[in-house]
Structure formats: structure tokens, C-alpha cells
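Note sheet for the following structure.
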Amino acid sequence: MTTAHGAAETAIAQIETFSSHNYHPLPVVVESGEGAWLTDVDGNRYLDFLSAYSAVNFGHSNPELVKVAVAQLAKVSITSRAVYSATFGPFVEALAKLCGKDMVLPMNTGVEAVESSLKLARKWGYEVKGVPEDRANIIVMEGNFHGRTISVISFSSDDDATGSYGPFTPGFVKVPYGDLEAIEQAMDADTVAILVEPIQGEAGVITPPPGFLPGVRELADRHGVLMIADEIQSGLGRTGSTFYCDQVGVVPDLYLLGKALGGGIVPVSAVVGNAEVLGLLKPGQHGSTFGGNPLGAAVGLAVVRMLETGELQARSRELGAYLHDRLAALVGRGVTEVRGIGLWAGVDIDPALGTGRQICERLLAHGVIAKDTHGQTVRMAPPLVITREELDLAVDALAEVLAEAGAEAGAVAVGAAIG
Ligand SMILES: *Cc1c(COP(=O)(O)O)cnc(C)c1O
């Protein structure tokens with residue numbers, strides 16, 4: 001019999017041998033999860049401050065969602081859209097209404113929702129706006145993250161994401177995030193859309209300057225182009241409201257949703273908008289074998305029902321304010337800056353203490369799972385069901401880790417001075 005420790009080593013060796021190395025996981029092998037907690041194969045418990053990049057906003061093994069999923073599994077999971085399914089109707093009606101829009105185009109992963117919106121924007125440009133064929137352009141932001149397909153990485157500014165993958169898809173114009181003047185200068189008669197993350201998550205939880213999103217809305221209206229808000233990470237409660245756009249009084253033409261829409265159980269994504277755009281699709285013009293499947297629709301409906309009460313959004317708002325208060329107290333003590341809103345924070349680590357990755361490895365040893373992004377930033381995004389006491393545990397762990405790293409860096413500096 002292998003020991004528990006052996007089980008973790010075996011799993012890591014298997015994964016490193018037989019899986020492509022497109023991720024650099026933290027050295028923990030997860031076996032189960034409940035609420036804000038993950039348990040590894042040795043029985044150690046960790047607070048999850050990543051939430052699978054916000055796919056697990058409602059907590060691991062959320063009992064309500066698991067119940068719905070299990071019941072649906074026993075009925076039917078996949079039908080394809082070649083037939084109507086019983087759970088699809090309630091899901092699309094509820095989601096459209098949650099968004100205040102007419103229609104939903106269901107897909108599976110986030111990047112498929114992004115791709116679908118690009119196709120829709122081009123189609124709208126040619127068929128409604130009257131842009132000459134093959135001339136449409138879409139304005140995107142520097143530092144964006146919208147997924148990993150060829151077309152979507154074609155407008156990435158991240159060398160790791162684009163290296164060795166050309167030739168790229170044309171038709172995108174990149175401007176600095178937060179720069180309304182640059183957007184206006186980039187626009188021409190063939191511009192069909194502006195694609196924007198209301199908060200840039202992967203870039204390090206970058207919130208835009210005040211007035212930016214309303215400004216994008218105003219520019220889109222004035223120039224007759226679509227505003228597409230990628231709320232795949234910022235949406236569905238993460239920032240303290242259903243969409244981050246709500247907090248700045250902006251309604252985009254298209255919402256892109258994913259991640260938490262699948263309740264942390266199945267991949268479910270969607271483009272949500274009005275009939276003027278989504279109504280342009282005719283049978284055969286777009287599709288997905290798994291998009292809108294009965295299992296995903298059942299879980300997605302349960303997710304929408306949870307959001308309709310507003311309880312989780314309020315929780316994220318209140319506990320988020322508390323989290324940000326506590327994190328602000330760490331600025332100058334190993335932290336150089338904290339950004340974000342709600343239960344979502346980008347915490348920049350003083351380079352003297354190590355990289356974001358090194359801090360995350362130390363956090364793991366203190367029972368907290370968090371993920372670095374862009375070198376020095378530690379991203380904190382716990383499930384929205386987390387309690388205040390659990391938040392305290394994680395922030396205390398971060399404070400200890402910073403003190404520990406600071407003491408070691410100090411010892412090294414002293415050693416170097418003496419040596
Ligand atoms: C994660 C993410 C995506 C891509 O979602 P996948 O499900 O990984 O394809 C797109 N946009 C944003 C803002 C994201 O955070």
C-alpha cells in the first residue's frame with residue numbers, strides 16, 4: 001500500500017509525465033472541496049483563494065447546485081440542440097432577464113463566448129451597420145485576457161500567449177486600457193465593436209479609471225458600434241454586484257459570461273444581448289455540440305436563481321470591503337499596492353521579499369491557495385460563500401508569510417553586507 005504522501009508524489013509524477021506542461025501548478029494534489037476549502041490527498045485542508053479563476057464563486061460542492069446537477073444527471077445530460085430540451089428554456093429566459101436583455105447564445109467555455117461575440121459583431125457590422133465585406137475592425141485593450149484560441153490571442157499583448165502561434169487573425173486594433181482618447185482615435189467607419197474587460201483580471205485585477213466604462217458606452221453610442229463587456233471573471237457576484245458594469249451605471253450591448261455560470265460544476269458560457277444582434281443568427285450559422293446542454297442549463301438556471309436574490313452580491317460587497325480594509329493594512333509591510341473590489345484583490349508584493357510565485361508557495365505551506373499573476377501580483381479571489389473568520393485566517397497567513405519572507409530577505413541582506 002502506498003502511503004498518503006506517496007499518493008501525492010505519484011499523482012504529480014504522472015501529471016508531469018503524461019500531461020503537457022502548459023501550467024505550472026502549485027505542489028498540492030487536491031482530492032475534494034467544500035465551500036471555501038480544498039482537501040489534498042494527505043488530508044491537509046487549504047483555504048481556496050483562487051476559486052478556479054472565479055469559476056467557483058458559489059463554493060466547492062455547493063449543496064444546492066450539486067443537488068440540481070445530480071438530479072439532472074439521472075434524467076438526461078446531453079441532447080445537442082438538434083432537439084429542444086426541457087431545462088434549456090427556463091435557463092435562457094432566466095439568464096436573459098437577469099441581464100435585462102432579449103436573448104442568450106449558449107456556449108461552453110469562456111473563449112467560445114468571446115469568439116461568438118466577435119462573429120456576432122462582424123455579422124452585425126455587415127448586415128446592420130453596412131460595413132463593406134471583410135473590412136470590419138474591433139477595438140480591444142492592451143493587457144487584455146479573453147482566452148486562448150488563435151483569433152483571441154491574435155490581439156493579446158502577452159508574449160507567452162502569442163509566441164510561435166502566428167499567423168494571426170486580422171481585424172483588431174489595440175489601444176491602452178483606460179484611454180478613451182485612444183479609442184476615439186482608433187475608430188473609423190469600419191469599426192463594429194469595442195471589446196473590454198470591465199476589470200482586467202489576468203492583468204493583475206486592474207480597475208479602470210473612473211469614467212472609463214461610461215466613456216466607452218458613450219463612444220460606442222456616438223459612433224454606432226457595439227460595446228462588448230467580457231464579464232467572464234468580473235461578473236456573477238465577484239465584485240459585489242451581478243456585473244461590474246452595474247456599479248458604474250453602464251449597460252453593454254453584449255455581456256460575455258462564463259466561469260461561475262457553470263456553478264463550478266460544468267463549463268457553461270454565454271453571449272447575452274438584444275435581438276438586434278443575437279437575432280441575426282439563423283440555423284447553421286453558428287453552433288456548439290455541447291452548448292446549452294440539459295445538464296449545463298439545469299446548473300446554469302440554479303446559478304441564476306441564486307443571483308436573483310442578490311444575497312451573494314451583498315456578501316461579496318460587505319466581506320470585500322472588510323478584505324480590502326485588512327489588505328490595505330499590509331501596504332508598506334511587504335505589499336506595495338492592493339487593487340480590486342468586492343472579494344477580488346490584486347496584491348502587489350515588494351520584490352525584495354520574492355516573486356508572487358514564491359509568496360504563493362509560502363502561502364500554500366500556511367494553508368492558503370492563491371495564484372500569482374504577472375510576476376509580483378498575488379490574486380485573491382475566494383468563493384463568495386467564505387466567512388469573515390475564514391478571510392481572517394487567510395489574511396493572517398499572508399501577514400505571517402510576508403513577515404517570514406521579510407526576515408529572510410533581511411538576513412540575506414545583512415549576510416551580504418557582512419560578507
Ligand atoms: C477566463 C477568462 C476567459 C476565458 O475563459 P475560458 O473558459 O478559460 O476559455 C475570457 N475572458 C476573461 C475575462 C477570463 O477571465
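Since the model is a prediction, treat every value here as computed from it, not as a measurement. For ligands, and for the atoms within them, numbers begin at 1 and follow the listed sequence.
Looking at E184 and R222, a side-chain N of the basic residue comes within less than 4.0 Å of a carboxylate O on the acidic one, giving a salt bridge. With salt bridges taken as basic N to acidic carboxylate O contacts below 4.0 Å, none links D190 and K129.
In this structure, atom 8 (O) of ligand 1 is not in close contact with the protein, since no protein heavy atom lies within 4.0 Å of it.
Protein heavy atom in closest approach to atom 11 (N) of ligand 1: D230 OD2, 2.6 Å. Among all protein heavy atoms, the one lying closest to atom 5 (O) of ligand 1 is G110 CA, 3.3 Å. The closest protein non-hydrogen atom to atom 1 (C) of ligand 1 is K259 NZ, 1.5 Å.
At least one side-chain heavy atom of M141 sits under 4.5 Å from a side-chain heavy atom of I183.
Checked by atom type, the side-chain pair H286/S116 shows a donor-acceptor distance below 3.5 Å.
In V111, the parts holding a heavy atom less than 4.0 Å from any atom of ligand 1 are both the side chain and the backbone. Counting heavy atoms closer than 4.0 Å to ligand 1, residue E112 contributes nothing at all.
For ligand 1 and F145, the ligand atoms under 4.0 Å from any heavy atom of the residue are 1 (C), 2 (C), 3 (C), 11 (N), 12 (C), 13 (C), 14 (C).
Under the 30°/60° scheme for interplanar angles, the aromatic rings of Y177 and F212 are found to stand perpendicular.
Looking at E197 next to ligand 1, no N or O pair under 3.5 Å apart turns up.
Side-chain atoms of T79 do not come within 3.5 Å of backbone N or O of S85 as any donor-acceptor pair.
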